[in-house]
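Computed from a predicted model, the values in this text were never measured in an experiment.
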Amino acid sequence: MSFPLLTATAALPAIGAIATAAVPAAQRTAAKWLALLVSVATLALAIAVLVRFDPDGARYQLTESHAWIADFGVRYELGVDGIGVALLALTALLIPFIILAGWHDADPLETGSRRWRPTQGFFALILAVEAMVIISFEATDVFLFYIFFEAMLIPMYFLIGGFGDRAHAGSDEKAAAQRSYAAVKFLLYNLVGGLIMLAAVIGLYVVAGNFSLQEIAAARANGTLDMATNTERWLFLGFFFAFAVKAPLWPLHTWLPNAMGEATAPVAVLITAVVDKVGTFAMLRFCLQLFPEASKWATPAIMVLAVISIIYGALLAVGQRDIKRLVAYASISHFGFIIMGIFAMTSQGQSGATLYMVNHGISTAALMLVAGFLISRRGSRLIADYGGVQKVAPVLAGTFLIGGLATLSLPGLAPFVSEFLVLVGTFARYPVIGIIATFGIVLAALYTLVLYQRTMTGPVKPEVSAMPDLRARELLVVAPLVVLLIFLGVYPKPVTDIVNPAVKSTMSDVHKKDPKPEVEAAK
């Protein structure tokens, strides 16, 4: 019996979460190191998955299948395709940086505090989220996926509501109320989406008789499972609604700015760079594979919603006064690009969308974590409270600039390649939508460069004149992310080689081929 590598990759952070939570209260530093070591070990297992995965092999590899709830056709089934492998690796890569960046975010507040910030709980919750996200990328049983898709809301709720950033005093009742509001809004939005999906999951079982993604997809492909048109459309909408909330897609996005604004910077990265990717990943894995005809039926409406997200998110980012909310609205715009690429139904669009998920995770982590370091020094999230930072903290300003330039998809940095592929793939089938979406790039340049100008350039404000530059731990967080942004910007082939075969299979699921370019014949 081969070693269950996928189970181990998800089980290790889950066991690590329990062990970290059990560390005695006085041993806060030991809890931090334990969480970091577990996250690094999980990254090593994710690398092993990458090494063993063969892009030219079977669609789903390293598979595991065991009986679970036999009476209802539920099995413990895991397997990864190229898209799942890429996002699993992204998750395992980012968690150690998130832990390092939040090293002091859950320390006890020593002055003016009426409550204890449980350090062990903070890092245990991060590991718990990692475990649930990883198994979501691995699950090929629909019911198994649903359980962890919903379960990850619980630790995220406590991370958002229980740990505020250092821009607010921990004893401030108004700040606590804002955190509570953001956490409840996050939970309610995603619970509603999850409940609608649960109804669709039950409906899928009634129609198909089991929850196995591979069996249902195979039955649909060979014609032994024929869903009525209306049934397929309703089931698709139930799944898609939940994924659109998680992604988030306009107009289901409003929980994200509140959640990212009130959470610590590392938790904000966990939300948008890790957890939200489950939504867009699931659109590729479940919506397109299980409901190909309904996916094509809904595509025009989804493309319109995606382009609205792109422009709407970018416009609101331009007008933001809060650094973290600006990054949140920029992420809404970026998720619009990802969803647009998925439903463009072209190989370039879907390859670009998958690559965008990876690159957006890295670029948002770089920008938001540096922003968190900046905010922790000044104690304010307001852009107007900064000025001249590059003169007193040049390394901090330089890494902030690189993160910002990656956000606006500057050529030579990783997001450019993915955004270019998405636009090319979209334009090939929906030229008007592709043209409108390009205005999002212009707006991204505007909000990014204005943010940098107002915070980093100009006269040095007295409040930032003594601001220290990045410390060794902070450089250890930011430097690898910057290197990855540059490396994948000039050489994205390692990722595209992994995801392209999976994209080809997805295109086959929906019976779509790339449109041929219309070239006038030479005379």
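In Trp33, the CH2 atom is not crowded: 12 or fewer heavy atoms of neighbouring residues, nucleotides or ligands sit closer than 6.0 Å.
Close placement of the His360 and Phe335 rings is indicated, their centers lying within 6.0 Å of each other. Note: Tyr76 and Trp68 fail the aromatic proximity criterion, with ring centroids not under 6.0 Å apart.
Every ring-ring contact (aromatic ring centres under 6.0 Å, His included) that Phe240 has, sequence neighbours left out, goes to Phe236, Phe343. Under the side chain to side chain contact (heavy atoms under 4.5 Å, CB included) criterion, Asn258 pairs with Tyr181, Ala182, Lys185, Arg325, not counting sequence neighbours. Residues passing the side chain to side chain donor-acceptor pair (under 3.5 Å) test with Asn190, sequence neighbours excluded: none. Remark: Glu64 engages Thr7 in a side chain to side chain donor-acceptor pair (under 3.5 Å) (not counting sequence neighbours). Remark: Lys296 engages Glu293 in a side chain to side chain donor-acceptor pair (under 3.5 Å) (not counting sequence neighbours). With sequence neighbours left out, Tyr189 forms a side chain to side chain donor-acceptor pair (under 3.5 Å) with Thr254. Checked against ring-ring contact (aromatic ring centres under 6.0 Å, His included), Tyr329 has no partners two or more places apart in sequence or in another chain. Not counting sequence neighbours, the partners of Leu198 by the side chain to side chain contact (heavy atoms under 4.5 Å, CB included) test are Tyr146, Ile202. Taking the salt bridge (Lys or Arg N to Asp or Glu O under 4.0 Å) definition, one finds that Asp497 meets it with Lys493, sequence neighbours left out. Residues forming a side chain to side chain contact (heavy atoms under 4.5 Å, CB included) with Leu62 (at least two apart in sequence, or on another chain): Leu5, Leu6, Val49, Arg52, Val80. Annotation: side chain to side chain contact (heavy atoms under 4.5 Å, CB included) contacts of Ala208 (sequence neighbours excluded): Ile216, Leu225.
Note on ring orientation: taking the six-membered ring where Trp is involved, the planes of Phe145 and Phe286 are tilted (angle from 30° to 60°).
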Item checked: Evaluation steps, side chain to side chain contact (heavy atoms under 4.5 Å, CB included), between Leu90 and Phe137 -> CA-CA 11 Å; Leu90 171 70; Phe137 291 141; over 6 Å; no

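No side-chain N or O of Ser212 forms a donor-acceptor pair with one of Asp141 less than 3.5 Å apart.
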Residues 148-161, side-chain donor-acceptor partners within the protein, below 3.5 Å, at least two apart:
none

